[in-house]
Amino acid sequence: MEIKQVIGTENTVYPDALAIRKTVFIEEQGVDADLELDHQDEDTKHYVAYVGGEAVATARLKPLFNKRVRIQRVATLKQHRRNGYNTQVIKRVLADARAEDFYEAVLDAQETAIGFYEKMGFEVVSEPFLEAGIRHRKMMYRLDD
């Protein structure tokens, strides 16, 4: 598996990230396209995992204030789930954030994914809330531990 990372939308990797997100969030989960395509892609870092040249998983990293980052748009194509691809993507995202001296990563996890993130060391820090009609919980990961 190869993980490519780019900033913004003017590159050859971003269209692969967007295709995965459209398939998973819009087509599979029924998220409104206007919510998914939130116009924040131009200034965020995009990660795409490739297996045999095929884009299979993605995530987005957005810097916040006070040396914090937000992990967003984590998705794996259905036929490639349970192969550890997103685990590798999240590990890479966290390593890059740590190398850039961020101290904390946060994300809004769909409730069905909480166990996945907890195994990676994230902690639930909120009560359930709805985002795009899907139950989520805010989670946090300390990068300076």
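Residues take their numbers from the sequence shown, with the count starting at 1. In this text, all values refer to a predicted model and were calculated from it rather than measured experimentally.
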Verdict with reasoning, Q110 to Q29, per side-chain hydrogen bond (donor to acceptor under 3.5 Å, both in side chains):
CA-CA 11 Å; Q110 292 183 9; Q29 296 183 349; 2.8 Å; yes
Cation-pi geometry met for K67 and F102 (6.0 Å, 45°)
yes
After noting the C-alpha distance and the side-chain angles of T9 and D41, does the key distance pass the side-chain hydrogen bond (donor to acceptor under 3.5 Å, both in side chains) rule?
CA-CA 6 Å; T9 59; D41 287 335; over 6 Å; no
Answer yes or no: does atom CD of E123 have more than 12 heavy-atom neighbours from other residues, nucleotides or ligands under 6.0 Å?
no
Would you call K91 and D96 a salt bridge, using N to O less than 4.0 angstrom?
no
Aromatic Y47 / basic K4 pairing, under 6.0 angstrom, 45° off normal:
no
Using modelled atom types only, decide if a donor and an acceptor are shared between the side chain of R68 and the backbone of E104 within a distance under 3.5 Å.
no
Could you report the tightest heavy-atom contact between T44 and L61, atom names first, then the distance?
CB-O, 3.6 Å
Determine whether more than 12 heavy atoms belonging to other residues, nucleotides or ligands lie under 6.0 Å from atom CD of Q79.
yes
Nearest heavy-atom neighbours spanning A57 and T76:
CB-OG1, 3.6 Å
Ionic contact status for E36 with R73, cut-off 4.0 Å
yes
Where do H136 and E111 land on the side-chain contact (heavy atoms from CB on, under 4.5 Å) test, with the steps shown first?
CA-CA 5 Å; H136 286 71; E111 283 196 331; 5.9 Å; no
Would you say that V6 contacts V48 through its side chain, given a criterion of any heavy-atom pair below 4.5 Å between the two side chains?
no
Sidechain-backbone polar pair: R92 side chain, I3 backbone, donor-acceptor under 3.5 Å
yes
Would you sort out whether M120 and T87 count as a side-chain contact (heavy atoms from CB on, under 4.5 Å), showing the intermediate values?
CA-CA 8 Å; M120 297 197 71; T87 298; 4.1 Å; yes
Using side-chain heavy atoms (C-beta onward) and a distance below 4.5 Å, is R60 in contact with Q40?
yes
Do L64 and V106 have side chains that get closer than 4.5 Å, going by heavy atoms?
yes
Student check: side-chain heavy atoms of E127 and K138 closer than 4.5 Å:
no
Should F25 and I20 be marked as a side-chain contact (heavy atoms from CB on, under 4.5 Å) after you check the CA-CA gap, both sets of side-chain angles, and the distance that decides it?
CA-CA 8 Å; F25 297 123; I20 293 169; over 6 Å; no
Aromatic rings Y141 and F122: how do their planes relate, parallel, tilted or perpendicular, breaks at 30° and 60°?
tilted
Can you tell me which residue among D16, N11, T12 is in a side-chain contact (heavy atoms from CB on, under 4.5 Å) with Y14?
N11
Side-chain contact, heavy-atom cut-off 4.5 Å: V124 with E118?
yes
How about M139 and I114: do any of their side-chain heavy atoms sit closer than 4.5 Å?
yes
What heavy-atom pair brings A105 and L143 nearest, and what distance separates the two atoms?
N-CD1, 4.0 Å
By side chain to side chain contact (heavy atoms under 4.5 Å, CB included), which residues pair with V56, not counting sequence neighbours?
A49, V51, E54, H80, Y85
Run V89 and V74 through side-chain contact (heavy atoms from CB on, under 4.5 Å) and show every step you take.
CA-CA 9 Å; V89 170; V74 178; over 6 Å; no
Test item: T58 and R21 side chains (from C-beta on) under 4.5 Å apart, heavy atoms:
yes
Taking the basic N atoms (NZ, or NE/NH1/NH2) and the acidic carboxylate oxygens, is any pair closer than 4.0 Å for E28 and R81?
yes
If every non-hydrogen atom of V69 is compared with every non-hydrogen atom of P63, which pair is closest and at what distance?
CG1-CA, 4.0 Å
